[in-house]
> 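Structure in C-alpha cells, see below.
Just so you know, ligand 1 is whichever comes first in the structure, and atom 1 is the first atom listed for that ligand.
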Amino acid sequence: MNVLNNIQSIRKEFPILNTTVNGNKLIYLDNAATSQTPNCVIDSISNYYKNLNSNIHRGVHTLSQLATEKYEDTRKKFKTHFNAKSSSEIIFTSGTTHSINLVSSGFTNFLNDKDEIIVSQLEHHSNIVPWQMLCEKTGAKMKVIPMNDKGELDLNAFSNILSFKTKIVFINHVSNALGTVNNIQEIIEKSHSVGAAVLIDGAQAVPHFEVDVRKLDVDFYVCSAHKFCGPTGVGILYGKKEWLDKLPAYQGGGEMIDDVTFEKTTYSELPNKFEAGTPNIAGVIASGIALDYINNIGLENIKEYEDYLLSYATEKLLEIDGLKIYGESKNKTSVISFNIKSIHPYDIGSLIDNLGIAVRTGKHCAQPIMDFYKIPGTVRISFCFYNTTDEIDTLVNALKKASIMLSQ
Ligand code: PLP
C-alpha cells in the first residue's frame with residue numbers, strides 16, 4: 001500500500017486523530033513515547049470483553065479454549081514476524097522494561113565480580129538501570145560504548161572494551177532520543193566472537209522496519225506493542241531457546257509450574273516458564289491485530305514514507321533561526337530532537353500544546369545523551385505513518401512564533 005496516496009483513509013482509522021486539544025485539531029508528534037491505536041485494535045479489545053472474556057490455558061469450557069487459541073495464535077504471529085525458530089521463543093511481558101528486567105535478573109546466576117557487561121551511551125534508562133542493579137548484586141562491571149557528536153556509537157571504542165570478560169552486551173536498535181539506527185549486526189558479530197550474549201532493545205525499531213532475529217543471530221530482542229499501534233501493557237521478548245532454557249524463572253506463580261509440593265516445585269516448559277499468573281489476554285490478542293495492521297500497510301512502505309517525512313521535516317525545521325538538531329547520523333529514523341537558541345524545551349512544548357500540537361520535551365529517559373551534549377533536554381518530534389507534511393508545516397509555523405515570543 002502506498003502510504004502517501006492512502007494517507008487520508010489511513011488517518012480515518014485512528015479516531016483520536018480527529019479530536020481537538022485545547023480547541024485545535026490534534027497534531028500528534030509524540031509517537032516514540034506511544035503511538036495511536038486504529039479502530040481494529042480498539043475493536044479487538046472491546047470484542048474480547050464482550051464475547052471472549054475468560055482465563056486462558058486452564059479451562060475446559062468453550063470460552064477459555066477460544067481465548068487460549070487466540071492468545072496462542074498471536075504468539076505464532078510474532079514468531080513468524082520476527083522469524084523465530086519456534087513460538088516457544090516468544091514470551092509475552094508487560095513491555096520492553098519488563099522484558100529487559102526478566103533477562104537482566106536472570107543473569108544474576110551467571111555473573112561474578114570478574115565479569116564485565118557492556119551498554120552504550122545512547123540507551124533509554126530502561127536499558128541501563130536494570131543492568132546497574134545486576135552489577136550491584138553480582139559485582140560485575142559495566143563498560144560504556146561512547147557516542148560521537150552526530151549521535152553515532154564509536155564501534156572502534158567498542159572493540160577496545162570488548163573482551164573475554166564480557167558476558168552480555170545490551171544496545172538499542174534505534175535511539176529513542178536521537179533516532180540513530182545502530183549497526184547492531186556488527187555489534188552482535190563482534191560480541192559473539194568473544195562468547196558474549198547480546199540483547200537488543202527494539203522498542204523504537206519494530207514500528208518502523210522489518211526485524212529478522214535469525215538473520216541477526218541475536219540472543220534476545222525486546223519491544224513494546226504500544227509503540228506499533230497496539231495497546232499499552234504488552235511487551236514481546238524473543239529469546240533463543242538455548243538462552244531461555246538456561247535463564248531461571250523470573251516470577252513464581254500459577255501457569256509457570258509443572259508440579260508443586262511444599263518440598264519442591266518444578267517449572268513448565270517454555271514459554272509458560274516466564275508467564276506466571278494471568279497475562280494481559282485482551283492486550284496480547286489486540287497486539288497481534290496491531291501487528292497485522294502494520295504488516296498490511298507494509299513495513300517497507302512505512303519506512304519509505306517515514307523517511308520522506310523525516311527529510312521533509314529536517315529541512316523545514318532548519319529554516320528556523322537558531323534551531324539546532326541533535327542526532328545527525330546518516331542512518332536515522334522517525335525522530336528529530338532539537339533546541340531553539342537557549343529557550344528551555346519545556347517552554348516550547350507548553351506553548352505549542354496550546355495549539356493542539358503534542359511533542360515530547362525533556363531528557364526522554366536518556367540522561368547520558370543530554371549530559372554528553374551538556375543540555376537540560378530537547379524538544380522531540382517523532383513520526384508515525386499517519387503524520388502528514390501539512391502537520392509538519394503547522395508545527396514549523398508554530399515553532400517560529402513560539403521562538404519569537406520566548407526570545408523576548
Ligand atoms: N527502550 C526504548 C528505546 C524506548 O524508547 C522505551 C520507551 O520509550 C523503552 C525502552 C521502555 O518501553 P516501555 O515503557 O514500553 O517498557
Side-chain angles (χ1 to χ4, degrees), residues 28-37 41 78 91-105 119-133 144-145 147 151-153 169-184 187 198-209 211 218 220-238 250 274 279-280 283-284 286-287 290-291 306 326-327 329 331-337 358-370 377-384:
Y28 188 77
L29 293 168
D30 193 18
N31 296 287
T34 203
S35 55
Q36 298 302 344
T37 40
V41 172
F78 282 102
I91 312 295
F92 291 121
T93 64
S94 69
T96 303
T97 306
H98 178 186
S99 301
I100 294 171
N101 276 277
L102 188 159
V103 177
S104 65
S105 81
V119 67
S120 93
Q121 193 159 8
L122 279 181
E123 299 309 305
H124 189 282
H125 296 161
S126 293
N127 203 23
I128 301 174
V129 183
W131 302 101
Q132 273 173 335
M133 291 170 164
V144 184
I145 311 173
M147 60 185 261
E152 295 162 332
L153 291 181
V169 177
F170 33 100
I171 310 280
N172 60 38
H173 200 162
V174 174
S175 155
N176 67 303
L178 304 180
T180 313
V181 181
N182 289 313
N183 185 350
I184 59 164
I187 290 170
V198 179
L199 177 141
I200 298 295
D201 169 356
Q204 300 294 342
V206 174
H208 306 296
F209 49 80
V211 172
V218 66
F220 303 99
Y221 195 98
V222 298
C223 66
S224 297
H226 69 98
K227 311 272 192 199
F228 58 85
C229 302
T232 52
V234 178
I236 296 97
L237 159 63
Y238 159 80
Y250 178 53
F274 291 109
N280 181 355
V284 166
S287 304
L291 186 70
E306 290 178 348
Y326 297 90
S329 172
N331 203 358
K332 163 172 185 177
T333 188
S334 291
V335 169
I336 307 179
S337 253
V359 299
R360 174 99 182 241
T361 63
K363 296 184 177 23
H364 317 298
C365 297
Q367 194 180 327
I369 298 179
M370 304 305 140
T378 67
V379 181
R380 180 188 74 181
I381 58 171
S382 50
F383 304 114
C384 188

> Taking the ring centre of each residue, are Phe209 and His173 less than 6.0 Å apart?
yes
> Would you please classify the geometry between the Trp131 ring and the Phe170 ring as parallel, tilted or perpendicular, with 30° and 60° separating the classes?
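The arrangement is parallel - the two ring planes meet at less than 30°.
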> If you measure only the distance, is there a donor-acceptor pair under 3.5 Å linking the side chains of Asn172 and Asn127?
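Asn172 vs Asn127: no donor-acceptor pair found between side chains.
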> Output, in order, the C-alpha distance, side-chain angles, deciding distance and verdict of side-chain contact (heavy atoms from CB on, under 4.5 Å) for Asp30 and Val359.
CA-CA 5 Å; Asp30 193 18; Val359 299; 5.9 Å; no
> What I want to check is whether the side chains of His98 and Tyr250 have a donor and an acceptor closer together than 3.5 Å.
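No, Tyr250 and His98 have no side-chain donor paired with an acceptor closer than 3.5 Å.
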> Quick one about Glu152 and Thr180 (side-chain donor to acceptor, distance below 3.5 Å, no hydrogens or angles considered), yes or no?
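There is no such pair between these side chains.
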> For each nitrogen or oxygen atom of ligand 1, which protein N/O atoms lie closer than 3.5 Å, and how far apart are they, rounded to 0.1 Å?
unit_1, atom_1, unit_2, atom_2, d
ligand 1, 1 (N), Asp201, OD1, 3.3
ligand 1, 1 (N), Asp201, OD2, 2.5
ligand 1, 5 (O), Gln204, NE2, 2.6
ligand 1, 8 (O), His124, NE2, 3.4
ligand 1, 8 (O), Lys227, NZ, 2.5
ligand 1, 15 (O), Ser224, OG, 2.7
ligand 1, 15 (O), His226, NE2, 2.8
ligand 1, 16 (O), Thr96, N, 3.3
ligand 1, 16 (O), Thr97, N, 2.9
ligand 1, 16 (O), Thr97, OG1, 2.5

